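Numbering of ligands and ligand atoms starts at 1, following listing order. What you are looking at is a predicted structure, and each value in this text was computed from that prediction instead of being measured. Throughout, numbering of the chain's residues begins at 1 and tracks the sequence.
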Amino acid sequence: MKVVSGQVMQLMDRRAIGEFGVPGLELMERAGRGCADVIEEAFGEGEARRAVIVAGKGNNGGDGFVISRLLAECGWEAPVLLLAASEAVAGDAAANLARLDRATVQSMPQGLAGAEELLKDATVIVDALLGTGMNSEVTGVYAEAIEMINAAGVPVVSVDIPSGVDAATGKVLGRAVRADITVTFALAKLGNVLYPGADLCGRLVVADIGMPDKVVAEAEGAQYVDLACAADLFRPRSVTAHKGSGGHCLIVAGSTGKTGAAAMAANSAQRAGAGLVTLAVPAALNPMLEQKTTEAMTIPVGPEQTGYLRAGSLAEVLAAAAIRDVVALGPGIGTAPSTIYLVHSLLPALDKPLVLDADGLNAVALQPELLLARKDRITVLTPHPGEMARLVGCSVPEVEADRIGCARAFAVKYGVHLILKGARSIIAAPDGSIAINGSGNPGMATGGMGDVLTGVVAAFLGQGYHPFAACQLGAFVHGHAADFLVEAMGTQGMSATDVQEMLPVALANLAASRTTATNHQQGE
Ligand SMILES: NC(=O)C1=CN([C@@H]2O[C@H](COP(=O)(O)OP(=O)(O)OC[C@H]3O[C@@H](n4cnc5c(N)ncnc54)[C@H](O)[C@@H]3O)[C@@H](O)[C@H]2O)[C@@H](O)CC1
Ligand SMILES: [K+]
């Protein structure tokens, strides 16, 4: 599913109207109808049905006027509380306001004081205050109205986006409505899928408003990776598969005290479908990792007594990589100066696709320009916000303030693919393309999850997936596996190994969803 910013949607509206001759009134009519249909379906049963529409003066309010008219036609009481003077309403919204009974609309530019009972007695409140045109912090009567909507204790349906949520970032500008259902138009907005906006939307419905296909196809947006999208990218194993066709991953990992990271990355690559996995570890840790892994082969690297990777092992690691399809470097390697030196010398020397994580990233952060030596090779970075901040040389709040912008700028500058982890991981490609992962849950906020992701992404790269697809699938499958666990164990105490063991179930669901999609296509 493609998602766009509010600004891009406004350009799309203008293109549809100016270039394709779709009347703005028709778009508004369809937007209103999309909402009214959802309201009728969700809340239409029963005798006394009252939808109280809280409208702003823009086109979001205009959609609200259409909803009032259409619900009234279906027998609803649908009063409108307009948070502006009628004269302030212009254009298509004014045309739809004019089609309502005067008695239906109460103009309340001073705020909704006195309307508390009306709101509390509603079957549903329709939030048509602010949509993609919101351009500043919500204060004054708008903020008060939003608080009254949230305090009314009745279901809320937001039009396009919960009022107060920034359509470009999902951030709350001051105050925001908490909706049970949000009906958005043509395409979802970034603010519908990024947190906290995604959480405030409740159930998201995307209504078709007759936006021309060309306008939708050409709109600049990001890919939202949901089950359908991931299933589409996924190639189930062929009946003639053998261990050589599943790809051979080399995981370079581990140091004293961090053997678990190495084991999880290796085991997760295997659980994510790698044909073969080899783990290159500091020699002193080899006996331990022989025990912690069963399917993976191990290669002891460096002198016998050494519990960390050393610069002198460059040739050994390169030789191991030469006969593998992909290398993952970083889980649990630590920050010994000699290890950092090894990472720095591997970056230009290694000609295999490379996944960099954890202390591998921290080493890169000291000299990110080394990545430029790999511009014609595949490199995937999987930083959490702290690692991203170190890579860019900024603070974590600065990363979090613009996750998409930050991930994209780094990926473009250094010619890498990047997964910026966190709720709704951002995937950025060197050409500036962006995808947003839709799976996962708070249970994943625990140590070791990153090591699992590294193994999963390596497994997909090793199978020859395009790196952008490998990142999308890796992030989705990782979160999807964790989502399968929530019902059984909730979100506290879930471990990275639990997720690792659930990976095959997540993959099976992708394969099953893909079959369904293919069947549908064949049936059409
Ligand atoms: N042709 C179109 O453009 C279509 C637009 N549609 C609807 O129109 C919406 C966008 O309409 P508009 O561009 O008119 O904008 P909005 O209706 O989202 O709101 C903009 C109005 O609110 C004011 N405003 C902005 N930030 C504010 C704040 N923080 N506090 C108080 N007032 C604030 C602005 O001055 C402007 O008057 C979409 O979200 C969608 O619901 C749909 O009807 C489909 C067609
Ligand atoms: K709204």
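Distances from ligand 1 to the non-hydrogen atoms of Ile161 include no value under 4.0 Å. Judged by the shortest distance from any of its heavy atoms, Gly62 lies outside the 4.0 Å radius around the atoms of ligand 1. Within the structure, ligand 1 lacks Arg30 among the residues with a heavy atom less than 4.0 angstrom away.
Only the side chain of Asp13 comes within 4.0 Å of ligand 1, counting heavy atoms alone; its backbone N, CA, C and O stay farther away. Contact annotation: for Asn59 versus ligand 1, heavy atoms closer than 4.0 Å belong to both the backbone and the side chain. Contact annotation: for Leu130 versus ligand 1, heavy atoms closer than 4.0 Å belong to both the backbone and the side chain. The residue Met9 has no part lying near ligand 1, judged by heavy-atom distances below 4.0 Å.
Nearest approach of Ala145 to Leu83, heavy atoms of both residues: CB-CD2, 3.8 Å. Scanning all heavy atoms of the two residues, the minimum distance from Ala470 to Phe460 falls at CB-CB, 3.8 Å.
Between the choices Thr139, Ile17, Asn135, the shortest heavy-atom distance to atom 1 (N) of ligand 1 belongs to Ile17. One option in Asp63, Asn96, Ile146 has a heavy atom closer to atom 41 (O) of ligand 1 than any other, and that option is Asp63. Distances from atom 36 (C) of ligand 1 to the heavy atoms of Met134, Lys57, Arg175 show the closest one on Lys57.
Using modelled atom types, one finds a donor on one side chain and an acceptor on the other under 3.5 Å when comparing Asp498 with Ser495.
Between Ser433 atom OG and Arg408 atom CZ the span is 8.0 Å, to the nearest 0.5 Å.
For the side chain to side chain donor-acceptor pair (under 3.5 Å) test, no residue two or more places apart in sequence or in another chain qualifies with Asp92.
Taking the charged nitrogens against the carboxylate oxygens, Asp180 and Arg203 have no contact shorter than 4.0 Å, which rules out a salt bridge. Electrostatic pairing of Lys214 and Glu218 counts as a salt bridge here, judged by a charged N lying under 4.0 Å from a carboxylate O. Taking the charged nitrogens against the carboxylate oxygens, Lys421 and Asp357 do have a contact shorter than 4.0 Å, which makes a salt bridge. For the pair Lys413 and Glu369, the salt-bridge criterion is not met [side-chain N within less than 4.0 Å of a carboxylate O].
At least one N/O/S atom of Ile161, whether from backbone or side chain, sits less than 3.4 Å from the K ion (ligand 2). Residue contact annotation: Ser163 places an N/O/S atom under 3.4 Å from the K ion (ligand 2). Not a single N/O/S atom of Val177, whether from backbone or side chain, sits less than 3.4 Å from the K ion (ligand 2).
Within Asp127, the N, O or S atom lying nearest to the K ion (ligand 2) carries the name O.
The angle subtended at the K ion (ligand 2) by O of Val159 and OD1 of Asn60 is 80°, given to the nearest 10°.
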